[in-house]
Amino acid sequence: MKYDFKEIEPKWQKYWDEHESFKAETGSSKPKFYSLVEFPYPSGAGMHVGHIKAYSGLEVVSRKRRLEGYNVLFPIGFDAYGLPTENTAIKTGVHPRTVTDNNIKKFTSQLRKVGFSFDWSRVVDTTDEKYYKWTQWIFLKMFENGLVFRDRTLVNYCPSCKVVLSNEDSQGGKCDVCHSDIIQKEKEVWYLRITEYADKLLQGLDSVDFLPNIKLQQENWIGKSTGAFVKFRIKENGEELKIYTTRPDTLYGVTFMVMAPEHPMIEKYRDSIKNIAELDAYKDECAKKSEFERTQLVKDKTGVRIDGLTAINPINDTEIPIYISDYVMMGYGTGAIMAVPAHDTRDYEFANKFGIPIIEVIKGGDISKEAYTGDGEMVNSGELNGITNKKDAIAKVLKVLEAKGVGEAGVQYKMKDWAFNRQRYWGEPIPIVHCPKCGMVAVPYDELPLRLPPVENFQPGQDGESPLAKIESFVNCKCPKCGGDAKRETDTMPQWAGSSWYFLRYCDPNNDSALASPEALKYWLPVDWYNGGMEHVTRHLIYSRFWHRFLYDIGAVPVPEPYAKRTAQGLILGPDGVKMSKSRGNVVDPNDVVDEYGADVLRVYVLFMGDYEQAAPWSESSLKGCKRFLERIWALQDTLTDDDGYSKELSAAFHRTVKKVSADIEQLKFNTAIAAMMTLLNQISDKGSITKGELKALLTMLNPFAPHITEEMYHNVFGGILSEQSWVTYDEALCVEDEVEIVVQINGKVRAKLNVPSEASQDEMIEAALANDTVKPLVEGKTIVKKIAVPKKLVNIVVK
RNA sequence: GCCGCUGUGGUGGAAUUGGCAGACACAAGGGACUUAAAAUCCCUCGGAGUAAAAUCCGUACCGGUUCGACCCCGGUCAGCGGCACCA
């Protein structure tokens, strides 16, 4: 009988589909397991093998869990709003709705061809009005709770896509979508006050099981620092200049102050500043600098001294000059700093350039050469002198400042508020109405969803205006509050909106009266295991935790953290070892692989190709190795014997393999799990036959990886349905052989190998080693200094 | 610059976390079967060395701890990822 995957695979896919084999049942009395993979953006190019690897990990875990008796929710959906679809629509003239529907069809057929055990009755589509009704609902709840605001600021603007981008979407000064240089533009935009949740997001990390580097990246992104706010009085007008510093202990070393060029105090006192023209010119110059210049060409410090404002150091009443410089940012802290050149690298550079004195207050470095940022004894610091560590010095100075009422401890976060809007068509409309009388008014809840109007022309407006702004019938409306003429907001939400809560919708995807029923949420949450890409750790993962935490705070969800566990898979690189990309032409289409080798081979290969969490290059020839493996499994049917249990020779091997495969799957070590099954197969081949009991165990272990072939073989031999059976168990006591081979070392070098009973004591092992013919002559005539024995492993004899 | 990760045969990668380095595969070479090829099966496969063994050497580099180090410690180099004038 030949292994004909082309017949087998569609047959079982049809069976699972018709029998709803993988349907999750809300409220079932079985233990629940919610495994989540990041839903795809349905692009026109279709899926690539990276998607397959990303889903195969939890696919294996999910199938194993079902065999273990769990009620598993393993859903899939589509994150379908976004620029590429809209750009395709503009180029081809086909409506984004149609483009999206076609792409979803394509993705669905690809996913089904691979045989993933998704619950297809729970598919969500973020562009479906039944879905985005609730995206808008969450937005309005945030609006109601003061987490939504509008502000006119400098924003990251992509001149090519003509949209405002968040910091997250413009990392490195490049547009995330088209890679053009980002420019700074002043615009009134929507923000979500995510900074209000900075501390909650940080603390929440303590209660979840995320990979350590994922936690770390989130912590760095939130960027909490502890320090102090200190008020410096301005000599000329008595005003207070508030600064933030992490080093209040160096307060006696302050020799100048720096404000950001946009600091409001300059505007406020422009009449009393003598060189205001010079300051204005400097400010203009800074505004013209691109993101690149501001961040990459960091070494050269520039700035201008403010003539007419002088600060007084609150701790010793020294007069201090004030400068403006673009190395101080308006968006962090208070937009002004106290500069301590002796102990801060940037201040040191600035002081040197402008000839400002440098006062050492911590001993330990050579401040004539460079700033000293380490710890040491305090000097030149009044009451702080003699303190030898930073912690004590900070505690002391804070006490002094508090007593004087000029300073206090404080914290700061690097994370900024979330710029929450796009000037594009293909996104969720922001449900807000601008009324000349009432201001910003929320669209009433019973009018949701606020539908995207059908349009012909999706081209964005010239100065970054949404295409919606051109549609009079959409824009003109009545104010929900006063009934007068009003205008609708025309911006849409960013792509991250829909994906910030999709895992909640899966719990109850067709609910019309809530984002999901409280019962369903209570039953399924939290997600037990979430796997996805590292690239989403600082964006999607933070955003969705923020939304979820907010929903928890208003009582809409029952748990504070959405994901109990988070892991990440590594990329699949092209055969040339570089990241797969369309422009490089090294993308591998999973459809081609399924057609030529079958879905099972593809599934086994993406998990066998290397460590699941590391990147690995695609290799066509390694793929063939996996094909051979499955063909040899298939051939086992020809050497089947009638025994139900394990054969004596292979019993320990089977128990051990079951143990290893079970443990490896839980740790995402799929490559070694498959290797263990290959080893077992080699042992079976050497023996020449397989018992029914052995075949059943092997097929069950392999089923999560290669479900079609194992289902078919199981059906042929045993007549039932494998995915309805139970996972294999093992007996720890039966994992060991009666005899084990141990190694004998002389002075740490392997000199002999011998067999001993596996329960031999240390003394018995040493005795056996010394009696060994190879060992004897090497020990004879020498003094034995030490004898070490490790049970079941080795004996080491140290001689002189 | 700061933070994190990684460095093992021709290749992808193993090594129960201090106990036989190179599991399992791929590629390569040799052989069997075949008129031939493909497929399949068998053998070899880190380097030096030998007729074959023995025996050295070998986990990026230098040093340390240990009976014993890919694993732990100190230093150096290289690659990847994140953040980046964050006060």
Side-chain angles (χ1 to χ4, degrees), chain A residues 171-172 211-221 223-225 227-228 243-247 250 257-258 260 294-301 325-329 331-340 344-347 349-350 412-416 534-535 537-538 570-571 573 577 605 608-611 613-626 628-629 631-632 635 656 659-660 663-664 669 671-682 685 741-753 785-799:
Chain A
Q171 291 179 32
L211 286 180
N213 55 332
I214 292 179
K215 268 191 193 180
L216 200 74
Q217 264 194 48
Q218 293 214 344
E219 279 165 11
N220 289 343
W221 187 258
K224 182 175 184 170
S225 83
I243 60 98
Y244 175 73
T245 178
T246 53
R247 296 296 304 271
T250 61
M257 314 274 296
V258 188
R294 261 182 101 123
T295 57
Q296 302 297 310
L297 310 172
V298 293
K299 285 285 166 263
D300 199 27
K301 295 279 180 293
S325 172
D326 64 352
Y327 86 89
V328 172
M329 310 292 151
Y332 184 81
T334 62
I337 61 157
M338 63 178 220
V340 186
D344 181 280
T345 321
R346 295 147 304 175
D347 298 346
E349 283 165 20
F350 193 90
Q412 278 295 301
Y413 300 93
K414 287 185 196 176
M415 187 165 68
K416 301 205 170 64
M534 278 309 288
E535 69 274 21
V537 165
T538 51
L571 290 175
L573 306 172
Y605 174 62
F608 181 63
M609 63 193 298
D611 185 332
E613 301 177 60
Q614 298 297 128
W618 183 263
S619 157
E620 182 87 18
S621 48
S622 295
L623 194 59
K624 286 180 190 151
C626 295
R628 264 176 228 157
F629 170 59
E631 280 170 347
R632 288 179 63 205
R656 254 197 318 249
K659 180 184 176 183
K660 178 152 183 66
D664 282 355
K669 299 285 176 206
N671 53 338
T672 49
I674 294 167
M677 288 187 277
M678 287 174 168
T679 307
L680 185 62
L681 175 62
N682 289 342
S685 298
E741 190 187 62
I742 63 159
V743 169
V744 183
Q745 299 180 333
I746 311 286
N747 291 344
K749 296 218 152 129
V750 180
R751 295 296 161 176
K753 293 177 184 183
V785 183
K786 203 169 184 179
K787 293 176 280 195
I788 296 123
V790 181
K792 291 179 208 166
K793 292 261 158 68
L794 58 49
V795 171
N796 188 14
I797 295 162
V798 186
V799 296

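It should be emphasised that the depicted structure is a prediction, and the values quoted were computed from it without experimental measurement. Within every chain, numbering begins at 1; the chains are lettered A, B, ... in the order of the sequence lines, protein sequences first and strands thereafter.
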| field | Presence of donor-acceptor pair under 3.5 Å, side chain of A/Lys301 and base of B/rC85 | value |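 Per atom types, the contact qualifies.
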Encoded 5' to 3' (Watson-Crick or G-U under 3.5 Å; [ ] crossing; | other strand), RNA chain B becomes (((((((..(((......[....))).(((((.......))))).(((......)))..(((((..]....))))))))))))....
**Request:** Please check if atom NZ in A/Lys787 has more than 12 non-hydrogen atoms from other residues, nucleotides or ligands closer than 6.0 Å.
**Result:**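 Count not over threshold, so no.
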What integer number of Å spans the [atom1] atoms of [N] and [M]?
| N | M | atom1 | value |
| --- | --- | --- | --- |
| B/rU66 | B/rU11 | P | 36 Å |
| B/rC26 | B/rA39 | P | 12 Å |
| B/rC2 | B/rC85 | P | 15 Å |
| B/rG31 | B/rA48 | C1' | 27 Å |
| B/rC71 | B/rU65 | C1' | 13 Å |
| B/rU34 | B/rA25 | P | 28 Å |
| B/rG58 | B/rG63 | P | 11 Å |
| B/rA28 | B/rG9 | C1' | 13 Å |

*Verify side chain to side chain contact (heavy atoms under 4.5 Å, CB included) between A/Ile742 and A/Val795, making sure each step is shown before the conclusion.*
CA-CA 7 Å; A/Ile742 63 159; A/Val795 171; 3.9 Å; yes
In whole angstrom, what separates [X]'s [atom1] from [N]'s [atom2]?
| X | N | atom1 | atom2 | result |
| --- | --- | --- | --- | --- |
| A/Ile674 | B/rC26 | CD1 | P | 13 Å |
| A/Tyr244 | B/rC85 | OH | C1' | 16 Å |
| A/Ile797 | B/rG68 | CD1 | P | 15 Å |
| A/Met534 | B/rU6 | CE | C1' | 14 Å |
| A/Tyr327 | B/rC85 | OH | P | 13 Å |
| A/Glu219 | B/rC83 | CD | P | 15 Å |

What is the nucleic acid contact for [X], judged by heavy atoms within less than 4.0 Å: base, sugar-phosphate only, or nothing?
| X | result |
| --- | --- |
| A/Arg656 | nothing |
| A/Gly223 | nothing |
| A/Asp347 | nothing |

* Asked: So does A/Arg628 get a side-chain nitrogen or oxygen closer than 4.0 Å to the phosphate oxygens (OP1/OP2) of B/rA39?
  ->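 So the side chain of A/Arg628 is outside the cut-off, no N or O lying under 4.0 Å from OP1 or OP2 of B/rA39.
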Strictly below 4.0 Å: does A/Tyr332 bring a side-chain N or O up to OP1 or OP2 of B/rA87?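 True: A/Tyr332 side-chain N/O within range (under 4.0 Å) of B/rA87 OP1/OP2.
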Q | Closest listed nucleotide, where the reference is the side chain of A/Ala675 and the choices are B/rU55, B/rA23, B/rA87 | A |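 Looking only at heavy atoms from C-beta outward on A/Ala675, the closest nucleotide is B/rA23.
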- Can you tell me if A/Ser225 and A/Tyr244 form a side-chain donor-acceptor pair at under 3.5 Å?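 Note: A/Ser225 and A/Tyr244 side chains meet the donor-acceptor criterion.
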| said: If I take atom CE from residue A/Met534 and atom CG from residue A/Leu211, how far apart are they, to the nearest 0.5 angstrom? | reply: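 Those atoms lie 7.5 Å apart.
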query = Rounded to the nearest 0.5 Å, how far apart are CD of A/Glu219 and CE of A/Met415?
reply =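 Output value for this atom pair is 12.5 Å.
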Parallel, tilted or perpendicular for A/Tyr605 and A/Trp618, by the 30°/60° rule?
->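 The arrangement is perpendicular - the two ring planes meet at more than 60°.
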When you measure from the side chain of A/Asn796 to the backbone of A/Ile788, do you find a donor-acceptor pair of N or O atoms at a distance under 3.5 Å?
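Judged by distance alone, no pair lies under 3.5 Å.
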Q) Considering only heavy atoms from C-beta outward, does the side chain of A/Ile337 approach that of A/Asp347 to under 4.5 Å? A)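 When only atoms from C-beta onward are counted, A/Asp347 and A/Ile337 do touch, with a gap below 4.5 Å.
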Within the sub-3.5 Å range, which N or O atoms of nucleotides 12-22 of chain B have a protein N or O partner, and how far apart are they?
| unit_1 | atom_1 | unit_2 | atom_2 | d |
| --- | --- | --- | --- | --- |
| B/rG12 | O2' | A/Met609 | O | 2.4 |
| B/rG13 | OP1 | A/Ala615 | O | 3.3 |
| B/rG13 | O3' | A/Asn671 | ND2 | 3.4 |
| B/rA14 | OP1 | A/Asn671 | ND2 | 3.2 |
| B/rU16 | N3 | A/Lys793 | NZ | 3.3 |
| B/rG19 | N2 | A/Gln745 | OE1 | 3.4 |
| B/rC20 | O2 | A/Lys753 | NZ | 2.6 |

With the threshold set at 4.0 Å, does a side-chain nitrogen-carboxylate oxygen contact exist between A/Lys301 and A/Asp326?
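Between A/Asp326 and A/Lys301 there is no salt bridge, as every charged N stays at least 4.0 Å from the carboxylate O atoms.
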